[in-house]
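Both backbone and side-chain heavy atoms feed into the values below; hydrogens, waters and symmetry mates do not. From a predicted model like this one, the values you see are computed outputs, not experimental measurements.
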Amino acid sequence: QVQLVESGGGLVQAGGSLRLSCVASGPILRVNDMGWYRQAPGKQRELVATITLGGSTNYADSVKGRCTIARDNAKKTVYLQMNSLKPEDTAVYYCHVVVTRPFLQAESGYWGQGTQVSVSS
């Protein structure tokens, strides 16, 4: 089964940095679009950043200039480098990966289990 395993979350002070990682495994022919989303308590899940197979990136306005999304296709991994963290960045961060599966070369999207990021003031 295709699985996404996230890591890198934790508790940091405002102004600190974290790097989140998400590794895909299982029956995967190709990893296509990858992205990070976050959900704070009482709020809806929102897009943080995405990166396409071709390397095109997109960021939410709230994180532009502070976050960088990157990918390692050989490792089937997507990263989110977060700098100058603010208390409002506190949320559970989820990776999302679209993969091409061997069966009929079908595309499917998968979610990671989530990793907690807490930023203290």
Shortest non-hydrogen contact between [X] and [Y], atoms and distance:
X: A14; Y: S121; result: CB-CA, 4.4 Å
X: C67; Y: Y59; result: O-CE2, 3.3 Å
X: Y37; Y: H96; result: CE1-CB, 3.8 Å
X: Y93; Y: E6; result: O-OE1, 2.6 Å
X: L80; Y: A49; result: CD1-CB, 4.2 Å
X: L53; Y: V31; result: CD1-O, 3.3 Å

Are the side chains of [Y] and [X] in contact, using a 4.5 Å heavy-atom criterion?
X: T90; Y: Q116; result: yes
X: Y94; Y: L4; result: no
X: S21; Y: K75; result: no
X: I28; Y: V2; result: yes
X: R66; Y: M82; result: no
X: F103; Y: P27; result: no
X: N58; Y: L47; result: yes
X: C95; Y: M34; result: no

Quick one: pull up [atom1] in [X] and [atom2] in [Y] and give me the separation to the nearest 0.5 Å.
X: I51; Y: N32; atom1: CD1; atom2: CG; value: 12.5 Å
X: Q44; Y: Q39; atom1: CD; atom2: CD; value: 8.0 Å
X: I69; Y: S56; atom1: CD1; atom2: OG; value: 10.5 Å
X: C22; Y: W111; atom1: SG; atom2: CH2; value: 10.5 Å
X: S17; Y: Q81; atom1: OG; atom2: CD; value: 6.0 Å
X: T52; Y: R71; atom1: OG1; atom2: CZ; value: 7.0 Å

**Prompt:** When clusters are formed by joining ILVMFWY residues with side-chain heavy atoms under 4.5 Å apart, either directly or through shared neighbours, do V99 and Y79 land in the same one?
**Reply:** no

**Prompt:** Going only through I, L, V, M, F, W and Y residues with side-chain contacts under 4.5 Å, is there a path from L20 to V12?
**Reply:** yes

**Asked** So, R30 side chain and Q105 main chain: donor-acceptor pair closer than 3.5 Å or not?
**Response** no

**Prompt:** Under 4.0 Å between a Lys/Arg side-chain N and an Asp/Glu carboxylate O for K86 and D89?
**Reply:** no

